[in-house]
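Got a structure here, written out as structure tokens. Questions coming.
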Amino acid sequence: MLSPVRRERRHFRLQIVQIPDPVQEDAAAFVSQFSTALILDGNLVGSGTFIKCGNTFGVLTAHHVIHNPHDPSRRFDFNSSQKLGLLVADFAHCYELQLQYCGLVDIATPKRESTGPDLSLIVLPEPLIGTIKAKKQFYNLKHKRAIKLRNALPNAGYFIFSGYPDLQKDLLAPQSGFREVLFLEGWGAASGISRRWRWKNSYDFLELGITYGPKSDAIPTFQGMSGGGVWRVPLSKKTSRSTVTDIVGSEPVLAGVGFYEVGRVERIQEIRCHGPRSIYEKAVERLLRCKHLKSTRG
């Protein structure tokens, strides 16, 4: 499930496949607490991250996931009885809510599909927050946001792009009282940063390079993972003379949101994402202004 691509550069050189399994497993388990699939009227339409900002709880995702520019049947209508399904457990369950009870904050509307900016937040109704908290966690963007931003900016360590790819879904036989069950597999692509850039005093972006090679089981397309979170996993060694087995990982930090599959060049697939300044500066500032508005566009 993890794809080798880049090397950690600050203190030692390392390929993803050399990172001890327990380090990767701990990071994946942490990230999964905040990740969810977005299912609109029974169809997988994208991925997202449960976040908290002040008193607002919601799902951070890509703008184009909400306002699908290609398929009107998959566009969210927050004044309708459309049902939004969220994946909150690892067993057969049905957690749906009507969109008319949710809010929307369009943080950044794309100028072009390939370049963004591309960010939105689905604001969840307060009465349902407790139910989600019983199964998932909300990543607090405001708490210690300067520290989180600082920890998300380095290229050292490795990065996980988390989401629910369309290729991994399956329709299962009846079980647990359900006539049909849509199986969705959470997936994390481990990668490094190919490049970063920033619009002047505004949104920032990064690209992840996913490698396809003999030791990679990366999926051929990331459809369904749009809006998924990008997490930086800091790495360190116990001592200056430690071996690979002595590598330890620190708590992952949310570092971006994926929104565009650039295309494969030879063995590298580039995934374009918003960077941490888009989240901890632009998104937080926007959300703190909006509070609990029913629907706000920007």
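Just so you know, these numbers come straight off a predicted model, no measurement behind them.
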Worksheet item: Q223 versus P165: any side-chain heavy-atom pair under 4.5 Å?
Response: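 A side-chain contact under 4.5 Å is absent here.
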Worksheet item: Taking C-beta and beyond as the side chain, do K148 and N140 meet within less than 4.5 Å on heavy atoms?
Response: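 When only atoms from C-beta onward are counted, N140 and K148 do touch, with a gap below 4.5 Å.
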Worksheet entry | Closest contact, heavy atoms only, I107 versus Y203 |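 Heavy-atom minimum between the residues: O-OH, 3.1 Å.
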Discussion item. If you compare all heavy atoms of F78 against all heavy atoms of G103, which two are closest, and at what distance to 0.1 Å?
Written reply: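 Shortest heavy-atom separation between F78 and G103 comes out as CE2-O, 3.5 Å.
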Worksheet item: Taking D204 for the side chain and S278 for the main chain, is one N or O donor matched with an acceptor at less than 3.5 Å?
Response: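 Here the side-chain-to-backbone pair exists.
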Discussion item. Given 3.5 Å as the limit, does a donor-acceptor pair link the side chain of N43 with the main chain of V45, or not?
Written reply: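 Checking the backbone N and O of V45 against the side chain of N43, no donor-acceptor pair under 3.5 Å is found.
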Practice prompt. Check for a donor-acceptor pair, side chain of R196 on one end and backbone N or O of L153 on the other, with a separation under 3.5 Å.
Written response: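 The answer is yes, because a donor-acceptor pair under 3.5 Å joins these two groups.
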Worksheet item: Is the side chain of S226 donor-acceptor paired with the backbone N or O of G46 at a distance under 3.5 Å, no angle test?
Response: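 No; zero donor-acceptor contacts below 3.5 Å.
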Worksheet item: So, for S32 and A29, which heavy atoms are closest and what is the spacing to 0.1 Å?
Response: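 Heavy atoms of S32 and A29 come nearest at OG-O, 2.8 Å.
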Item to complete: Scan H64, R112, H63, H67 and name whichever one has a side chain to side chain donor-acceptor pair (under 3.5 Å) with D118.
Response: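 Answer to the side chain to side chain donor-acceptor pair (under 3.5 Å) test with D118 among H64, R112, H63, H67: H64.
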Worksheet item: Is a side-chain donor-acceptor pair under 3.5 Å present for S35 with S162?
Response: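 Side-chain D/A pair, S162 to S35: present.
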Item to complete: Could you tell me if the ring centre of W231 sits under 6.0 Å from that of Y139?
Response: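 Judged by ring-centre distance (under 6.0 Å), W231 and Y139 do meet the cut-off.
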Worksheet item: Does the salt bridge (charged side-chain N to carboxylate O under 4.0 Å, His left out) test come out yes or no for R198 and E281, once each step is laid out?
Response: CA-CA 13 Å; R198 184 184 185 188; E281 294 178 351; 3.2 Å; yes
Practice prompt. Could you go through the side-chain hydrogen bond (donor to acceptor under 3.5 Å, both in side chains) check for E261 and Q269 one step at a time?
Written response: CA-CA 8 Å; E261 191 170 342; Q269 172 71 272; 3.0 Å; yes
Worksheet item: Do the side chain of S250 and the main chain of V233 share a donor and acceptor less than 3.5 angstrom apart?
Response: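 No, because the side chain of S250 does not come within donor-acceptor range (under 3.5 Å) of the backbone of V233.
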Discussion item. Using every non-hydrogen atom in the two residues, find where F161 and L208 come nearest and quote the distance to one decimal.
Written reply: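 Closest approach of F161 to L208, heavy atoms only: CB-CD1, 3.8 Å.
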Discussion item. Please determine whether a side-chain nitrogen of the Lys or Arg among E113 and R272 lies less than 4.0 Å from a carboxylate oxygen of the Asp or Glu.
Written reply: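 No.
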Discussion item. Quick check against the 3.5 Å criterion: does R74 have a side-chain atom that pairs as donor or acceptor with the backbone of N68?
Written reply: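 Looks like no, no N/O pair under 3.5 Å.
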Fill in: Q100 and S80: side chain donor to acceptor below 3.5 Å
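Absent: no donor and acceptor within the cut-off.
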Fill in: Check: T36 side chain, G48 main-chain N or O, donor-acceptor pair, under 3.5 Å
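Checking the backbone N and O of G48 against the side chain of T36, no donor-acceptor pair under 3.5 Å is found.
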Practice prompt. Decide side-chain contact (heavy atoms from CB on, under 4.5 Å) for V59 and T49; before the verdict, give the C-alpha distance in whole Å, the side-chain angles of both, and the deciding distance to 0.1 Å.
Written response: CA-CA 5 Å; V59 180; T49 304; 5.9 Å; no
Worksheet item: Of all residues at least two apart in sequence or in a different chain, which pass the ring pair (Phe, Tyr, Trp, His ring centres under 6.0 Å) check with F205?
Response: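 In terms of ring pair (Phe, Tyr, Trp, His ring centres under 6.0 Å), with neighbours along the sequence ignored, F205 is linked to W197, W199, H274.
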Discussion item. Please determine whether side-chain contact (heavy atoms from CB on, under 4.5 Å) holds for the pair L104 and F76, giving the CA-CA distance in whole Å, both sets of side-chain angles, and the decisive distance to 0.1 Å.
Written reply: CA-CA 10 Å; L104 170 66; F76 288 51; over 6 Å; no
Fill in: Transitive ILVMFWY side-chain link Y280 to L288, under 4.5 Å
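Hydrophobic grouping puts Y280 with L288.
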Practice prompt. State, to 0.1 Å, how close A28 and I160 come at their nearest heavy-atom pair, and which atoms those are.
Written response: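 For A28 versus I160, the nearest heavy atoms are N-CD1, 4.4 Å.
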Practice prompt. Measure the spacing between CD1 of I66 and CG of L119 and express it to the nearest 0.5 Å.
Written response: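 If we round to the nearest 0.5 Å, I66:CD1 and L119:CG are 11.0 Å apart.
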Worksheet item: side-chain contact (heavy atoms from CB on, under 4.5 Å) between L128 and F57: does it pass, once the steps are laid out?
Response: CA-CA 10 Å; L128 300 182; F57 292 80; over 6 Å; no
Worksheet item: Can we call the ring centroids of F50 and F34 under 6.0 Å apart?
Response: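 They do not qualify: ring centres at least 6.0 Å apart.
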Discussion item. So does S120 get a backbone contact from the side chain of T61, meaning a donor-acceptor N/O pair under 3.5 Å?
Written reply: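 Between the backbone of S120 and the side chain of T61 there is no qualifying donor-acceptor contact (under 3.5 Å).
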Item to complete: Find out whether the Lys NZ or Arg CZ of K52 is both under 6.0 angstrom from the six-membered ring centre of F138 and within 45° of the ring's axis.
Response: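 Cation-pi check for K52 and F138: fails.
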Discussion item. Consider side-chain contact (heavy atoms from CB on, under 4.5 Å). Of L121, I122, L287, which one does L60 pass it with?
Written reply: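 Considering L121, I122, L287, a side-chain contact (heavy atoms from CB on, under 4.5 Å) with L60 is found only for L121.
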Worksheet item: Is the side chain of R232 donor-acceptor paired with the backbone N or O of P252 at a distance under 3.5 Å, no angle test?
Response: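 No: the side chain of R232 does not pair with the backbone of P252.
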Discussion item. What I'd like to find out is whether the side chain of V257 reaches to under 4.5 Å of the side chain of V230, using heavy atoms alone.
Written reply: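 The answer is no; the side chains never approach within 4.5 Å.
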Item to complete: Could you tell me whether a side-chain N or O of R145 sits under 3.5 Å from a main-chain N or O of L149, the two making a donor and an acceptor?
Response: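 Answer holds: no.
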